[in-house]
2 protein chains.
Amino acid sequence: MTDATGRTLYLQIVNDLRSQIASGKLKVGDEIPSTAKLKAQYGYSVTVVRKAVEVLRNEGLVMGQPGKAVYVQATPKDLEAERVSIVDLTRQVADLRREVHDLAQRLEDGHQIKELMAEVAELRGTVEQLYNRLGHPYPNDNADSAKPRRKTGT
Amino acid sequence: MTDATGRTLYLQIVNDLRSQIASGKLKVGDEIPSTAKLKAQYGYSVTVVRKAVEVLRNEGLVMGQPGKAVYVQATPKDLEAERVSIVDLTRQVADLRREVHDLAQRLEDGHQIKELMAEVAELRGTVEQLYNRLGHPYPNDNADSAKPRRKTGT
DNA sequence: GCCCATTTGTTCGTATGTATA
DNA sequence: TTATACATACGAACAAATGGG
């Protein structure tokens with residue numbers, strides 16, 4: 001029932017194949033050895049080999065196509081990523097909510113933009129009036145820094 | 001291989017038992033019929049019965065205790081609810097991630113504040129120069145809107 | 001404590017159906 | 001047609017755990 005490692009025979013094959021998939025020795029899209037090859041390789045019965053492959057199939061790691069072979073469908077890492085527990089997701093939601101709150105708070109302080117834009121408009125009007133009172137239009141000395149018609153909309 | 005319904009034999013038993021669990025005929029904690037009883041009940045081979053129970057075990061609906069029986073562990077509704085909640089939480093996480101991204105983007109555009117402040121400083125300098133060329137200092141008419149000595153630091 | 005029946009789980013072997021090449 | 005391979009089905013046996021005598 002169990003080998004030297006104390007594990008069941010089919011679980012030994014399962015762990016072997018799973019390790020090979022995880023290590024990249026068997027990549028997604030590759031085909032795992034056929035039942036006959038695994039049987040010859042391990043020296044176990046067909047039942048054990050089939051059972052092992054069936055476990056991998058139930059885990060979603062492989063998927064068999066009758067008449068062709070059993071193909072690697074995903075890596076254990078992929079499944080691990082999918083099997084995010086509810087608590088982890090809940091924690092993520094809480095963290096993200098906090099982050100959204102903080103960002104929204106900082107954005108709300110963005111009324112500075114409105115006030116600054118209003119101030120810019122006022123100052124431009126003042127400058128224009130002053131130039132009119134001086135009798136000549138805008139000179140060139142401050143055209144490089146205070147660029148005309150800057151985009152003010154978001 | 002298949003019965004009159006076109007389904008495999010073991011899947012027929014799986015569906016039957018799953019329906020019984022879903023309908024409440026088999027409640028959580030109850031034990032399902034033993035392999036021998038199911039074998040006599042359906043007239044199928046032991047292999048088919050074992051396969052059916054194994055599927056239910058892989059689905060997490062039942063859990064067997066060697067020497068005793070196979071006990072109902074959860075209902076299909078439970079698993080569905082768990083799956084749905086995970087999907088829902090995943091969606092929330094995705095939505096919140098988008099929101100965080102958008103807010104962060106808008107905040108990153110906060111360089112507008114810096115540019116606006118620079119422009120304000122430039123314009124103030126221009127206004128001051130113009131007033132000097134006019135020969136008299138700041139009047140009162142624009143002191144209400146363009147407030148003097150506004151804090152420019154964050 | 002010991003034996004025995006029951007039950008699950010694992011292992012063995014074989015046969016058949018179906019799909020692909 | 002032939003061959004290979006997966007999936008299903010059949011039958012049998014053994015180990016381990018449980019419970020009853």
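Below, chains carry the letters A, B, ... as their sequence lines are ordered, and counting in each starts from 1.
Distance from the side chain of A:Arg50 is smallest for C:dA15 among the nucleotides C:dC12, D:dC10, C:dA15. Considering only side-chain atoms of B:Thr47, the nucleotide from C:dT14, C:dC12, D:dC10 that sits closest is D:dC10.
Within a heavy-atom distance below 4.0 Å of DNA chain D, the residues of residues 32-41 of chain A found are A:Ser34, A:Thr35, A:Lys37. Contacts between residues 52-61 of chain B and DNA chain D, defined by a heavy-atom separation under 4.0 Å, are absent. Residues from residues 63-71 of chain B placing a heavy atom under 4.0 Å of any atom in DNA chain C, listed by number, are B:Gly64, B:Gln65, B:Pro66, B:Gly67, B:Lys68, B:Ala69, B:Val70.
Residues that satisfy the ring pair (Phe, Tyr, Trp, His ring centres under 6.0 Å) test with B:Tyr42, not counting sequence neighbours, are B:Tyr44. Evaluation of the side-chain hydrogen bond (donor to acceptor under 3.5 Å, both in side chains) rule for A:Arg57 yields no partner, not counting sequence neighbours. The salt bridge (Lys or Arg N to Asp or Glu O under 4.0 Å) check on B:Arg98 picks up B:Asp95, with sequence neighbours excluded. Judged as a side-chain hydrogen bond (donor to acceptor under 3.5 Å, both in side chains), and not counting sequence neighbours, the contacts of B:Thr75 are B:Asp78. Remark: B:Arg91 pairs with no residue by the salt bridge (Lys or Arg N to Asp or Glu O under 4.0 Å) rule, at least two apart or across chains.
Taking atom CD of A:Glu31 as the reference point, atom P of C:dT20 lies 15 Å away to the nearest angstrom. The NZ-P distance, from A:Lys51 to D:dA7, rounds to 14 Å in whole Å.
In terms of heavy-atom proximity, A:Leu103 sits nearest to B:Ala104 at CD1-N, 4.1 Å. In terms of heavy-atom proximity, B:Leu61 sits nearest to B:Pro76 at CD2-N, 3.6 Å.
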Only distances under 3.5 Å count here; give the side-chain donor-acceptor pairs of residues 63-73 of chain A to other protein atoms, sequence neighbours excluded, each with its distance to 0.1 Å.
none

Residues 46-56 of chain B, side-chain donor-acceptor partners within the protein, below 3.5 Å, at least two apart:
unit_1	atom_1	unit_2	atom_2	d
B:Arg50	NH1	B:Thr35	OG1	3.4
B:Lys51	NZ	A:Glu54	OE2	2.4
B:Glu54	OE2	A:Lys51	NZ	2.3

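Residues A:Val93 and B:Val87 do not share a hydrophobic cluster, clusters being chains of Ile/Leu/Val/Met/Phe/Trp/Tyr side chains in contact below 4.5 Å.
Counting only Watson-Crick and G-U wobble pairs whose two distances sit under 3.5 Å, DNA chain C takes part in these stems of three or more pairs: C:2-21 with D:2-21.
Neither OP1 nor OP2 of C:dT11 sits under 4.0 Å from any side-chain N or O of A:Tyr10.
Taking 4.0 Å as the cut-off between side-chain N and carboxylate O, B:Arg83 and B:Glu80 count as a salt-bridged pair.
Not a single donor-acceptor pair under 3.5 Å links the side chain of B:Asp88 to the backbone N or O of B:Val84.
Applying the salt bridge (charged side-chain N to carboxylate O under 4.0 Å, His left out) rule to pairs touching residues 11-33 of chain A yields A:Arg18-A:Glu59, sequence neighbours excluded.
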